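Bear in mind that the values here come from a model prediction, so they are computed numbers and not experimental data. We use all heavy atoms of the structure for the numbers below, so side chains are in, but hydrogens, waters and symmetry mates are not. Lettering of chains follows the sequences in order, A, B, ..., and the numbering in each one begins at 1.
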Amino acid sequence: MTLSCPEGSNYAAIAKQLHETAMQAEERISELEQELRSAVNRPTIVQTFTAPQTGFIDNLESNFGSSVGPFVYPFNNVPGDFTVDNSDDTYIYLGEGIYEIGVSATAVPAGVVNDNSIRIWQIKHYRPDPGSLDPVLPGFSFVDRTASTQVEANSVIGVKVAMAGTFRIMPGDRILFTILHTNTLSTITLSDIKCYMSKVSDASLTEVL
Amino acid sequence: MPTNTLNFNLPYPSGTDAPCDFDEQWCDFTAAIDSVFDTFQAALDRTVPVIPAAKLRLSAPADFVDSSPVIFDSVVFDTAGFTDLDADPYHIFINRTGRYTVTCMSVVITQATIPPGFLGTWVLVEDGLGGGDFTAMNQATDVGGGLGYFIPGYEAVLTITAGSRLSLVFTAGSIVIRNMLEAYMSVHWHSDTERPS
Amino acid sequence: MPASTPIYGFTYPCPDEVISPSAFTTLANQIDAKLLDVEADRFLALNRFNSDLDSAVVQTVTNGVDTTLTIPSSTYTLPMSGVYVFHVTVLPQTFPATISTTQATVHLNTVYQFGQTQNNEGNSTRNIAPSGPITGVAGDIITTRVFYVGSGTMNVRAHMSVKMLVRTA
């Protein structure tokens with residue numbers, strides 16, 4: 001028996017093979033290229049807030065960020081207008097996973113400064129819990145946080161924070177940014193507010209070494 | 001005699017090859033391409049949708065010795081077998097060398113007998129060979145008072161080798177027993193190698 | 001006339017054509033070249049840009065002067081357009097007689113991005129360690145500035161770690 005193979009006159013078979021190889025290679029290369037590019041394009045949102053947020057009263061943990069004022073996106077590769085904080089929809093859309101979240105801001109007393117008064121900044125992670133009476137977010141229970149305590153030095157420049165942490169977030173969970181201060185002699189004004197979120201990984205799978 | 005491409009050495013039929021050899025030669029060509037595809041897929045499998053990551057948390061107050069590892073009581077996530085809380089509630093163990101992001105937080109009440117005082121936290125990385133590194137360091141000034149001191153630490157990236165273990169350390173300047181109200185330590189892979197440019 | 005694939009334009013002969021060895025050569029080299037492009041993507045997926053810079057070199061900062069650091073571990077040039085996260089630690093090495101607060105800020109081509117302050121009650125220096133995101137293009141320069149309220153001068157050194165989150169170009 002002899003194997004058939006393209007002969008000098010059987011040009012069509014070779015042409016067909018080259019065509020198939022070209023098309024199949026292109027399809028697979030295109031697939032891999034897109035997936036590899038998405039590996040360096042993880043869902044990420046960066047927001048900067050375009051106006052100071054004012055009137056924060058002493059000894060009352062208060063929200064700041066998306067729940068308070070307008071913002072723009074220096075970067076956002078998540079379709080839609082999702083926000084890092086104050087949104088249930090964001091993490092419904094993006095799904096369960098491990099997220100890196102950070103926030104930065106400047107706090108300056110609007111009036112008189114209490115030297116050595118405290119500023120506690122928090123990135124707080126909440127989960128839906130209908131029976132919860134949490135003072136910051138009723139209907140949600142506290143899960144986790146990254147927080148920073150700073151002390152006002154009464155040196156005109158105020159207090160700046162820039163921190164980040166990682167969270168395991170489920171669909172429907174909410175992230176809030178809060179501040180609690182003890183500057184009893186005046187309210188606090190926040191400016192230069194910036195935040196970011198990046199989905200680092202799924203959380204429920206085991207990685208391939 | 002097949003010729004080979006420049007970059008991936010893919011063999012393809014040349015002008016001196018007999019048409020009857022086309023089948024085998026072309027199969028060699030497509031197999032070589034498949035092999036390259038496999039390496040691309042292997043890279044994807046290591047990065048999407050899951051990467052090595054782990055986070056330990058202390059949710060209820062616990063005593064610890066200043067400058068010694070802090071104990072944790074829960075695993076927030078572990079995608080890579082980096083933790084075994086039952087066997088060791090103090091450490092995250094790394095089993096894949098790479099460049100990692102490290103974050104941490106310590107929470108204490110005022111520790112200063114006479115304020116102001118010093119508060120510091122960091123993650124200690126021990127490489128299992130006697131070497132170590134401090135990372136995600138942060139400090140704060142303790143001015144006394146009734147509110148908690150939250151001290152977060154962060155390191156965007158550093159090299160951690162397989163066989164290393166991480167622990168959270170806190171100090172207020174003297175080796176005594178202290179009480180940690182809340183804490184966490186987390187690590188996640190960013191890349192295989194340092195690549196500044 | 002050869003035809004070509006819709007995305008990358010890999011060429012292949014049509015059935016009515018005379019096939020010469022160049023048909024094999026052309027297609028093989030086209031695929032090979034495209035694989036090289038994707039290899040760059042593979043490498044980046046496993047090795048997004050990142051660096052951690054440390055130096056024992058110190059710089060002197062004068063009280064009341066917002067000083068841009070020029071020491072090696074205080075600056076970074078973006079190698080590729082993207083979103084990066086930076087972490088800077090400023091470490092005081094000498095101790096002014098008086099110091100009440102210290103601030104470290106990070107800038108993109110001189111534009112403020114984020115920063116951190118420390119209270120130095122009791123005239124005690126502290127490390128200052130801000131971290132945050134920066135969106136920029138290749139060639140953008142990231143710098144660190146230090147400012148403190150107090151007396152005299154203070155020597156500082158710096159540590160910077162940076163990682164790329166997302167590629168934008």
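- Here A:A147 is the residue among A:G97, A:A147, A:A25 with the most heavy-atom pairs under 4.5 Å with chain B.
- A:D144 has a carboxylate O that lies under 4.0 Å from a charged side-chain N of B:K55, or vice versa, which qualifies the two as a salt bridge.
- Under the 4.5 Å side-chain criterion, counting only non-hydrogen atoms from C-beta, B:I151 is not in contact with A:T149.
- The CE atom of A:M163 sits 10.0 Å away from atom CZ of B:F150, with the distance rounded to the nearest 0.5 Å.
- Annotation: maximal heavy-atom pairing with chain B below 4.5 Å, among A:I118, A:T182, A:V40, A:T21, occurs at A:T21.
- Between chain B and the options A:S148, A:A164, A:G165, A:S38, the largest number of non-hydrogen pairs under 4.5 Å is found for A:S148.
- With a threshold of 4.5 angstrom between heavy atoms, A:R42 approaches chain B through side-chain atoms but not through N, CA, C or O.
- Looking at A:V200, both its backbone and its side chain come within 4.5 Å of chain B, counting heavy atoms on both sides.
- For the options A:T146, A:V151, A:N116, heavy-atom pairs under 4.5 Å to chain B are most numerous at A:T146.
- Annotation: side chain of B:W26 is not in contact with side chain of A:I14 (no heavy-atom distance under 4.5 Å).
- Contact of the B:Q41 side chain with the A:E31 side chain is not registered, since no non-hydrogen atoms from C-beta on lie closer than 4.5 Å.
- Few gaps surround CD1 on B:I175; more than 12 heavy atoms of other groups in view lie less than 6.0 Å from it.
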Test log, rule side chain to side chain donor-acceptor pair (under 3.5 Å), inputs A:T166 and B:S186: CA-CA 7 Å; A:T166 49; B:S186 87; 2.6 Å; yes

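- Atom CZ of B:F77 sits about 9.5 Å away from atom CZ of A:F167, to the nearest 0.5 Å.
- For the atom pair NE2 of A:H181 and CG of B:L147, the computed distance is 12.0 Å after rounding to the nearest 0.5 Å.
- For CD1 of B:I109, the number of neighbouring non-hydrogen atoms (other residues, nucleotides, ligands) closer than 6.0 Å is 12 at most.
- Once rounded to the nearest 0.5 Å, the distance linking CG of A:L36 with CG of B:L44 reads 4.0 Å.
- With contacts defined as side-chain heavy-atom distances shorter than 4.5 Å, the pair A:E100/B:H188 qualifies.
- Across B:Y154, B:F29, B:W189, the residue that shares the most heavy-atom pairs under 4.5 angstrom with chain A is B:Y154.
- With a threshold of 4.5 angstrom between heavy atoms, B:S59 does not approach chain A through any atom at all.
- Looking at heavy atoms from C-beta onward, B:F40 lies out of side-chain contact with A:E33 at the 4.5 angstrom threshold.
- Side-chain contact check for B:T79 versus A:I98: some heavy-atom pair is nearer than 4.5 Å.
- Across B:D34, B:D142, B:V76, B:T47, the residue that shares the most heavy-atom pairs under 4.5 angstrom with chain A is B:V76.
- Only the backbone of B:T141 comes within contact range of chain A, judged by heavy atoms closer than 4.5 Å.
- Of the listed residues (A:R28, A:Q122, A:K199, A:Q150), the greatest number of heavy-atom pairs within a distance under 4.5 Å of chain B belongs to A:R28.
- The two residues A:A39 and B:V48 have their closest heavy-atom pair at CB-CG2, 3.5 Å.
- When heavy atoms are compared at a cutoff of 4.5 Å, B:E182 approaches chain A solely by way of its side chain, counted from C-beta outward.
- Counting heavy atoms from C-beta on, the side chains of A:I29 and B:F37 come closer than 4.5 Å.
- In this structure, chain B has a heavy atom under 4.5 Å from the backbone of A:V143, while its side chain stays farther away.
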